[in-house]
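A note on names: the letters A, B, ... follow the listed sequences, proteins ahead of strands, and every chain is numbered from 1.
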Number of protein chains: 2
Amino acid sequence: MSAMTDEELDQAFLALADPTRRSLLARLALGDATVGELAAPFAMSLQAVSKHLTVLEQAKLITRRRDAQRRPCSLNREAIGPLVDWLDAYRRRTEERFQRIDDLLARTDGSSPTP
Amino acid sequence: MSAMTDEELDQAFLALADPTRRSLLARLALGDATVGELAAPFAMSLQAVSKHLTVLEQAKLITRRRDAQRRPCSLNREAIGPLVDWLDAYRRRTEERFQRIDDLLARTDGSSPTP
DNA sequence: CCTTTGATCAACCGATCAGTTGAATAGAAC
DNA sequence: GTTCTATTCAACTGATCGGTTGATCAAAGG
């Protein structure tokens with residue numbers, strides 16, 4: 001179904017790798033907001049916040065529409081699923097890996113697998 | 001339980017925001033490997049791969065131990081859970097947000113919520 | 001001992017990032 | 001039409017990133 005390209009994963013994870021941008025997402029979970037409203041709580045210029053929003057938009061984590069001079073931002077509903085899918089697949093592979101280790105240890109001796 | 005700090009989230013997401021590093025993680029899911037083994041498939045220097053491994057280690061996604069001159073790398077079993085938790089919390093907040101929108105639309109008129 | 005192997009350290013490079021300030025744009029309001 | 005408001009564009013800065021090469025270190029093997 002989903003499956004993100006390498007570049008999409010790069011952009012999404014890079015977008016999430018910044019506390020300001022994660023904070024903007026948290027704010028948008030409370031409701032749509034304009035650039036000015038989003039920038040107000042931060043000790044940085046509105047232009048800087050506008051750039052962060054561009055990063056979030058290109059990562060498809062938010063969408064921006066037009067309302068007169070305002071540019072209200074919304075979370076993108078479809079963005080999260082594929083990311084969770086990716087992390088879940090990673091977790092599954094990781095746990096299979098450790099299961100193989102545990103099996104191996106259990107086969108050779110009876111010691112505790114994770115000390 | 002888990003709960004990652006801002007800096008831990010920064011490091012983890014930044015580490016995942018690179019296709020080489022994601023590829024290294026995928027390789028490590030198949031089994032532990034030394035730096036040389038990990039570097040072999042890539043068209044870049046061993047030193048570059050070693051740097052990527054340092055990023056993954058600082059993000060706590062892998063661990064490195066010592067075996068004579070070799071430095072075998074392993075996935076860190078505990079790393080994934082907190083990340084999934086974070087993304088799940090984000091998804092939950094996002095879905096609550098859209099549920100509120102849907103409720104509002106359903107209350108004011110009977111039109112389709114997501115056109 | 002000397003050499004080879006496996007990996008890190010150190011310095012450097014070009015590109016990108018996160019922030020700034022100042023100017024330009026689009027639309028509302030007067 | 002002029003002005004005010006909301007936002008973007010453009011140019012610049014310092015810091016970090018992803019990569020390179022060459023030197024160094026630590027351990028094994030001759």
Set of residues satisfying side-chain contact (heavy atoms from CB on, under 4.5 Å) with respect to B:Leu46, sequence neighbours excluded
B:Val35, B:Ala39

What pairs with B:Asn76 under side-chain contact (heavy atoms from CB on, under 4.5 Å), at least two apart in sequence or on another chain?
B:Lys60, B:Thr63, B:Glu78, B:Ala79

Partners passing salt bridge (charged side-chain N to carboxylate O under 4.0 Å, His left out) against [X] (at least two apart in sequence or in another chain):
| X | result |
| --- | --- |
| A:Arg65 | A:Asp32 |
| A:Glu95 | none |
| A:Arg100 | none |
| B:Arg93 | none |

How close do A:Phe98 and B:Leu75 get, heavy atom to heavy atom, and via which atoms?
CZ-O, 3.3 Å

To the nearest 0.5 Å, what is the distance between CE (B:Met44) and OG (B:Ser50)?
12.0 Å

Base contacts versus sugar-phosphate-only contacts with protein, heavy atoms under 4.0 Å: please encode nucleotides 24-30 of chain C as B, S and - from 5' to 3'.
---BS--

Note: chain B reaches DNA chain D at heavy-atom distances under 4.0 Å over the stretch, first to last nt, 5' to 3', of D:dC17 to D:dA28

Below 4.0 angstrom, which residues in residues 42-56 of chain A have at least one non-hydrogen atom near DNA chain D?
A:Leu46, A:Gln47, A:Ser50, A:Lys51

Hey, can you pull the residues of residues 8-23 of chain A with a non-hydrogen atom under 4.0 angstrom from DNA chain D?
none

Apply side-chain contact (heavy atoms from CB on, under 4.5 Å) to the pair A:Leu53 and A:Arg64, showing each step before the final yes or no.
CA-CA 9 Å; A:Leu53 292 170; A:Arg64 286 192 280 191; 3.9 Å; yes

So the salt bridge (charged side-chain N to carboxylate O under 4.0 Å, His left out) pairs with at least one residue in residues 12-21 of chain A (sequence neighbours excluded) are none

Using only atom types and a distance under 3.5 Å, with no angle test, would you say the side chain of A:Ser23 pairs donor to acceptor with the backbone of A:Pro19?
no

Using a 3.5 Å cut-off and no angle test, enumerate the donor-acceptor pairs between side-chain atoms of residues 7-17 of chain A and protein atoms at least two apart in sequence or in another chain.
residue	atom	partner	partner atom	Å
A:Glu8	OE1	A:Thr5	N	3.0
A:Asp10	OD1	B:Arg22	NH1	2.8
A:Asp10	OD1	B:Arg22	NH2	2.8

